[in-house]
Enquirer: 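Structure in C-alpha cells, see below.
Computed from heavy atoms alone, side chains included, the values below leave out hydrogens, waters and symmetry copies.
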Amino acid sequence: MFKSVLVANRGEIACRVFRTARAMGLRTIAVYSEADAKAPHVRMADEAVLLGPAQASESYLDGAKVLAAARATGAEAIHPGYGFLSENADFAEAVKAAGLVWIGPPPASIRAMGLKDAAKKLMIEAGVPVTPGYQGEDQSADTLKAEADRIGYPVLIKAVAGGGGKGMRRVDRAEDFADALASAQREGQSSFGDPRVLIETYITRPRHIEVQVFGDTHGTVVHLNERDCSLQRRHQKVIEEAPAPGMDAATREAVTAAAVRAAQAVNYEGAGTIEFIADASEGLRADRIWFMEMNTRLQVEHPVTEAITGVDLVEWQLRVAAGEPIPLKQQEIGIHGWAMEARLYAEDPANGFLPSIGRLEHFRMPDGVRVDTGVEQGGEVSQFYDPMIAKLIVHEDTREEAAEALAEACGEVEVWPVRTNAGFLVRCLEHPRFVSGDVDTGFIGAEGDALLPASSPERVLAAVGLYAEKHYEPGSAPRHNDFGPWDTLTGALGFRLNGTPRGLWVLEVDGQRVERDAISAQSHDSTWLVEENGQRVTVRYDYGDWGHGSVQVGGRTFGQNTVGNDLILFDRGQAVVITGLQAAGPSGGPASDGSLRAPMPGKVVAVPVKAGDPVKKGQPVVVIEAMKMEQALTAPYDGVVESIGFNVGDQVGADAVLAVVTAGDE
C-alpha cells in the first residue's frame, strides 16, 4: 500500500476521501484554487498546494499543475474524486507516466466508455441492451435533424462526452430541434471540449436505474446492487436511493448481470457505475431496461450503496489501486435496509432554481444523519463551481422510514443568506407519489408548484410574534426599529397609558405584505398573542445560543436567527426573511421596465436576437452561463429589443443590464 495520496478535487468529495485515507494511516495532500484558500478540505489535509486562480481551467482542470503539486509534496498516488479530471484518460496516463498510482480505471477503459456513441456500440457487441437512437459520425445539423425526425418526437439530444445532465436537451417538436441542438452543442463544448451529440428516443415514463460495479487487477468484477436516481430536475439528480423501489429479484439479476458484462467488456478496474434507463409505464421489467452510459469514477450518490452494503467504497478504491483483490466475493454482498440521499443545492426554488452565491453567514446542518459537505459557516459559495453544497444521507429499515427521516433532516437545514433547495426537498420526500414509490424522471416537472414550499397561516403568525419580540421585548437580541417614537403612539402601535406593548404590525413575509395585531401577553416569558381571523393565537419565542432560537405556534416549531440586519424564520428548510414596513397604506411594485438583468455573475454564451428585433413574451433574448449551468433571460412581454448590452463571450456582473425590451406591437 502506498503511504500518501493527493486528491485532485475540492469540496465534499475531497473531504470524503481524506476521511477514509486518514483512517487507513495515509498522508493526505490537498490542492486548491485561490477561491478555496480557506475551504475545509484545505485544512483537513496534512498538506495543501495552491494551483492557481479560481477558474477551474487554471486550477483544478490543469493536469500539469496537479502533477507538479504531487511531485513537490512527494505524493505516491492521486485520487481524482468526481468531476474535473476524474474521467480524463490523458490525465490518467500522465499520472501513470509520472510513476504515480492512479486511483481509477485504466485509461483505455475511460476512453472506451467516455464517448456515449462509441460506448453504445461496444455494449451492443457485449450483449448489453441499449436505447434505440442515432450514434453516427455525421454531425451535420441536417443529418441530426433527419435522424430525429426518423426516430420520432420526443427525442433526447445528448453530448457524446457528457455527464451530469450537461449537454442534454429534450425536444418535443420538430420546429424546436435546431435551437435545442445548438444549445446542447454549445454546452458540450463548454463543459467537455466536445460539441458532438447523439440522439435517443425519449421514454415518456423513464426511471434512472444504475448499478455500482467494482473491478480489480486480478480480473474480478462484482456489483454492489442498484440505485434509483429517478428524482431529477433538468437532468440533475436530486434524491437518490438504494435499493430501487419495485425491483424484483428477477429484474435485479438481469440488470446487475448486464452491468457486470459491461464492465468486463472494457477490463474495468476500480469503482464505476453502469447507468440504465427503464420504461416504467408497466413497472420495472427486465426487457424494458436499456444501457445509457458508464461513469468511470466514484459517483456523488455512492453513500447510499455504502449504507445498504456496509462497504467503504473509497477504501476499496485505495486497496484495489494498490493491487489488492476486492475484499468481498459477490455472494457476500447483500442489501441491508434502505438508504436515501438528498443533494442540498445553493439555489432558489422560488426564483426558477437560479444558483445562489455568497457568504454563508448562517449554516446549520441536522444532527443524527450523515452529512457530507465541503463548506462551513462563514465560507463562500462561489460562482466558479457546482452549486451542490452538501449531501444528507439516511439509512433505515424500510423505505417509508427512510423517506420520513430524510424529510425531517432536510427540514432542519438552516442556511442564510445563500438560498437552498432544502424546503423543496422536504416537499418531494413527503409527496404521496414519492412515498408510494411512483416516481420517474418527469416527477418534478409534472408536480410543479406542488413541490415549491408555500406560506402558511402558522408561518405568518410566527413571523409577527418573532418580529414583535425582537423589536419590543426587553432583554431580547439587538433590535432593528422600523418605527419612530411617534409611530408608537399613533401609527404602528395603538397607544394605551401603562399598557402592554401591542399594535398593528405591518410586515413583509414571503414577499407578501401582512398586517396583524399583536399583544405582549407575558413579557417575562416572551409570549405574544397575535390576532388571526378574530381569534388570538399564542406565539412563544424561546432564546437559544448565538442568536439562534425557536418560535412555537400551536404544534408547529420554527427556527429563527438574526443574521446581520436580516431577521430570518426557518420553516422546514425554507428561509423566510421578515421585514418591517411603514403602517400607512399598501405597497405596490413597479411594472417591469423591460431591463433584463444578470441574476448572478456569469458569461454571455448566446444572444439569439439583435437590437430592433420583435420578440414575444417568454422568448430568449440573452443566455448566460454561471455555476456550470445555462440560464436564458426572456422577454417580459411582447415588444421590441431596444438594446443589447453585451456580446457573446463577455463576463458580466450580478444585476448587469444585458438587454432592454420595450413594450409594443410587432
Enquirer: Which salt bridge (Lys or Arg N to Asp or Glu O under 4.0 Å) pairs, counting each pair once, include a residue from residues 223-232, with sequence neighbours left out?
Expert: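 Of all non-adjacent pairs touching residues 223-232, those that pass salt bridge (Lys or Arg N to Asp or Glu O under 4.0 Å) are R207-D228, E210-R227, E226-R252.
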Enquirer: Does the pair E241/R399 count as a salt bridge with the N-to-O cut at 4.0 Å?
Expert: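 Yes, E241 and R399 are salt-bridged.
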Enquirer: Which atom names give the shortest non-hydrogen contact between S86 and G81, and what distance separates them?
Expert: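 Shortest heavy-atom contact: CB-O, 3.4 Å.
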Enquirer: How about R234 and Q232: does a side-chain donor come under 3.5 Å of a side-chain acceptor?
Expert: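 Side-chain D/A pair, R234 to Q232: absent.
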Enquirer: Does this structure show an ion pair linking R427 with D449, if we count only N-O contacts that are shorter than 4.0 Å?
Expert: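 Salt bridge between R427 and D449, a charged N being under 4.0 Å from a carboxylate O: no.
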Enquirer: Decide yes or no on salt bridge (Lys or Arg N to Asp or Glu O under 4.0 Å) for R556 and D571, but give the supporting numbers first.
Expert: CA-CA 9 Å; R556 291 286 309 278; D571 181 10; 2.5 Å; yes
Enquirer: Would R19 and D372 count as a side chain to side chain contact (heavy atoms under 4.5 Å, CB included) here? Give the steps.
Expert: CA-CA 11 Å; R19 283 197 300 272; D372 285 8; 3.3 Å; yes
Enquirer: Check the side chains of D566 and W416 for a donor-acceptor pair under 3.5 angstrom, ignoring hydrogens and angles.
Expert: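 Side chains of W416 and D566: pair found under 3.5 Å.
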Enquirer: Assess whether a salt bridge exists between E240 and R343, defined as any Lys/Arg side-chain N lying under 4.0 Å from an Asp/Glu carboxylate O.
Expert: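 Yes, charged N to carboxylate O under 4.0 Å.
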Enquirer: Could you tell me whether R233 sits above the aromatic face of F353, with NZ or CZ closer than 6.0 angstrom to the six-membered ring centre and within 45 degrees of the axis?
Expert: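 Judged by the rule, R233 and F353 form a cation-pi pair.
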Enquirer: Do E625 and S190 have a side chain donor and acceptor closer than 3.5 Å?
Expert: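 A pair is found: one side chain offers a donor N or O, the other an acceptor, under 3.5 Å apart.
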Enquirer: Salt bridge check: are D176 and R170 linked by an N-O gap of less than 4.0 Å?
Expert: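 Salt bridge between D176 and R170, a charged N being under 4.0 Å from a carboxylate O: no.
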